[in-house]
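Reading through the structure tokens given below for one structure.
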Protein chains: 2
Amino acid sequence: MLTERQILVLVVIIDEFIQTAQPIGSRAIAKKAEITFSPATIRNEMADLEELGYIEKTHTSSGRVPSEKGYRFYVDHLMSPFRLSKQDMLTIQQTFQKEMIEFELLVQKSARVLSDITNYTSIILGPEVFETTLKQIQIISLSDHTAVAILVTSTGHVEHRHFNVPPTMQTSDLEKLINILNDRLVGVPIVQLQQKLYGEVSQLLQRYSSDFQTTYSFLKDALLDKQPVKLYMDGKTNIMLQPEFNDIHKIQSLYTVMEKEDKMANILRTSGKGIKVSIGQENELDEMQDCSLITATYTLGGEKQLGTIALLGPTRMEYSKVVTLLNILSQRLTDTFHSWR
Amino acid sequence: MLTERQILVLVVIIDEFIQTAQPIGSRAIAKKAEITFSPATIRNEMADLEELGYIEKTHTSSGRVPSEKGYRFYVDHLMSPFRLSKQDMLTIQQTFQKEMIEFELLVQKSARVLSDITNYTSIILGPEVFETTLKQIQIISLSDHTAVAILVTSTGHVEHRHFNVPPTMQTSDLEKLINILNDRLVGVPIVQLQQKLYGEVSQLLQRYSSDFQTTYSFLKDALLDKQPVKLYMDGKTNIMLQPEFNDIHKIQSLYTVMEKEDKMANILRTSGKGIKVSIGQENELDEMQDCSLITATYTLGGEKQLGTIALLGPTRMEYSKVVTLLNILSQRLTDTFHSWR
DNA sequence: ATTTAGCACTCAAGATCCCAGAGTGCTAAC
DNA sequence: GTTAGCACTCTGGGATCTTGAGTGCTAAAT
């Protein structure tokens, strides 16, 4: 489709634009070491590239700028592997070398590393609860009418939920309840909790509890209420450093949408396996049409998808660096989770 | 010091500027219903007010703008009590009327209400642990070398901490340990935990645990590591709506400092009892010199200070409304916490 | 048949100037 | 003490000009 020389020109334009954020002219291209032909020739090639939709002009007599199609082609076919600096590699090493036992902390640190190295905004979707089972339930009464239920999963995740204790319920009832629950629910995968609760446990409860209805309803509330998938972000202010975001309104709308955690989580969750790049208009959210979002998944032993890590930046993004970095980090996370089993 | 008429003019200028963010001229002031004298007279008064430092010009022939000294005087002496709209009062009602059992949720909702009603950024410092005692400790082992410790306080706050179990430690040791801890530490005020741990408990442990040193060190890590005071913010993007923040760099530096939770928490924590207003340069952080921060404390039964709620906006802030609102909300929080005991 | 030099043309961005409007300070009259 | 009148000042927006970077096209060179 494209000639070798056209590709060469395209790569120079994209690489240069990613660095400078300025339109590139034929003269500037000709000065590059790898270019052996004259500005006039380059102008001809650029005219072709523009006709094919890979580059654009910002006005009739300006230099050229990559189009989204151009970036897409670059990402799919032209990107050269990026070599991270020694310093960056070291930072990653250090993040993962420490004996780390809490995934929450690990994920937070990963987010920090991503945003620090790239100067973009990092977003991480915490591990899903597939495969995790219930380790223990504990109910601790705080007063005569309130108590807190604590769930611990096999991965060490702790959830707690406060609830009102029905006035008819005695302390002894609570203890019975805990016993029943632990008896029946420990070892059950989290995703099956609801089903179990509806099934055998509800029957058992009916026998023991004086008023089954209230007990059952508060249990449901306490155990199944919100989903525990968490979203971690870091480097939110980095976006403001990018020259294409010197417009307050762009920033404002972008920040507003970033605060909607459920929306963001959903985007990451449905991003599919491996590395995915969404450039500009390819993003489903209108507010992100000047951005690119690159996502990578981390898994459990290479199979079950656990969560997603992502970087959000302008469409003029250092794709090569970001993809390399996300590859490394997602692999690290995968390894770490694997080693924890 | 100031004549009645000067004060009248000052109030009109401040009230008007707070609404419009535009400098106010003598003609505009004269048009106000409460003004019975001519623009020329007003100009004379304004010249005096400027000389005294209460108002400023943006350039030689512009209208006047309140100075920080002007705001300070307004806040200290001139503010008229604000009547919240029915709608706003209703919103507050609804937030607090629901049977609410988790303070975390309550505080989050309060933050939301504050930012929604004012269009400023709300910041809330969660309740300190004064007075709260340890309700229960639970240790749940996850694998043969990791476990999670769960602390529940009398207020229902749940903390968990993961740690490595020393390889020499058996499951039976862990159980003994839990018993000892619960025996000795339940009911102890959180602030005294460390002391107790150093004292009697350490002696007991020495008797039971085969290797006291490791046990003791991981315990200390698990129980006393980070302070559990949390910071809740809402409406961060609101600041961008203010015309004085149309400069990316201002926003950038402000956001960057807002992300430093420890700094922010510290400012709120040391803000002192009752309502405090910090105007512009009065703020200790350079990044907040174009802002005003208004803080209010909530207490336990009117005595012990529990936490702080605050609103951050431009110096051109609706002081009257904000002060009224913070008064109401802090009182509500105080009442609610009181009723929970 | 490519490639390149040359040249006319275009456009953005910055500088300069102009003008209207809003507002002030001062003076003199009320 | 208050107000009307007036000259003066400064901002902001628009119009105009200039410069420089860059293009597209044509014709010559390879």
Side-chain angles (χ1 to χ4, degrees), chain A residues 2-10 12-17 19-67 70 243-244 246-248, chain B residues 2-10 12-17 19-67 70 243-244 246-248:
Chain A
L2 291 183
T3 67
E4 277 300 311
R5 200 167 62 187
Q6 283 170 338
I7 287 178
L8 182 56
V9 170
L10 181 56
V12 169
I13 291 176
I14 292 181
D15 283 343
E16 196 68 16
F17 184 70
Q19 292 307 318
T20 64
Q22 296 295 326
I24 324 297
S26 53
R27 244 178 70 89
I29 296 176
K31 276 184 188 145
K32 287 264 139 188
E34 63 264 42
I35 300 293
T36 55
F37 31 93
S38 77
T41 312
I42 294 167
R43 280 203 288 281
N44 287 329
E45 300 291 21
M46 290 204 291
D48 290 350
L49 282 171
E50 183 171 12
E51 212 162 311
L52 294 168
Y54 293 103
I55 56 179
E56 294 168 345
K57 284 189 279 198
T58 61
H59 58 87
T60 30
S61 75
S62 76
R64 300 308 210 291
V65 155
S67 69
E244 35 268 273
N246 52 8
D247 177 15
I248 287 276
Chain B
L2 292 183
T3 67
E4 277 299 312
R5 200 166 62 187
Q6 283 170 338
I7 287 177
L8 183 55
V9 170
L10 181 56
V12 168
I13 291 176
I14 292 180
D15 283 343
E16 196 68 15
F17 185 69
Q19 292 306 319
T20 64
Q22 298 295 325
I24 324 296
S26 53
R27 243 178 71 90
I29 296 175
K31 275 183 189 147
K32 288 264 141 187
E34 63 264 43
I35 300 294
T36 55
F37 31 94
S38 76
T41 312
I42 293 168
R43 281 201 290 280
N44 288 329
E45 300 291 21
M46 290 203 292
D48 289 350
L49 282 172
E50 184 171 11
E51 212 161 312
L52 294 168
Y54 294 103
I55 55 179
E56 293 168 344
K57 282 189 279 200
T58 60
H59 57 89
T60 31
S61 75
S62 76
R64 299 310 209 290
V65 154
S67 69
E244 35 268 271
N246 52 8
D247 176 14
I248 287 274

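Computed over heavy atoms, backbone and side chain alike; hydrogens, waters and symmetry mates excluded. Numbers restart at 1 for each chain; the letters A, B, ... are given by sequence-line order, proteins then strands.
- The salt bridge (Lys or Arg N to Asp or Glu O under 4.0 Å) test with B:Arg64 is passed by exactly one of B:Glu56, B:Glu16, B:Glu50: B:Glu50.
- Here B:Arg5 reaches the OP1 or OP2 of D:dT2: one of its side-chain N or O atoms lies under 4.0 Å away.
- Side-chain contact between A:Tyr54 and A:Ile13: absent, with no pair of heavy atoms (C-beta onward) separated by less than 4.5 Å.
- Between A:Leu49 atom CG and D:dT23 atom C1' the separation is 15 Å, expressed in whole Å.
- With D:dG22, D:dA4, C:dA12 as the candidates, the nucleotide lying closest to the side chain of B:Ala40 is D:dA4.
- Between A:Val9 and A:Leu49, some side-chain heavy-atom pair lies under the 4.5 Å cut-off.
- Considering only side-chain atoms of A:His59, the nucleotide from C:dA12, D:dT3, D:dG24 that sits closest is C:dA12.
- Distance B:Arg27 CZ to D:dC6 P: 16 Å, rounded to the nearest Å.
- Side chains of B:Ser38 and B:Thr41 form a contact here, defined as non-hydrogen atoms less than 4.5 Å apart.
- In the interface, the side chain of B:Ser38 is not paired with the base of D:dT3 through any donor and acceptor atom under 3.5 Å apart.
- Using a 4.0 Å heavy-atom distance criterion, B:Thr58 is classed as making no nucleic acid contact.
- Nearest nucleotide to the side chain of B:Met46, out of D:dT9, C:dT24, D:dT3: C:dT24.
- Nearest nucleotide to the B:Arg64 side chain, out of D:dT23, C:dG25, D:dT2: C:dG25.
- Of all nucleotides listed (D:dT9, D:dG24, C:dT24), C:dT24 comes nearest to the side chain of B:Ser26.
- Listed candidates were C:dG25, D:dT2, D:dT9. Nearest to the side chain of B:Thr41 is D:dT2.
- Within the structure, a side-chain polar atom (N or O) of A:Lys57 is placed less than 4.0 Å from OP1 or OP2 of D:dG24.
- If you check distances only, the side chain of A:Arg43 does reach the base of C:dG6 with a donor-acceptor pair under 3.5 Å.
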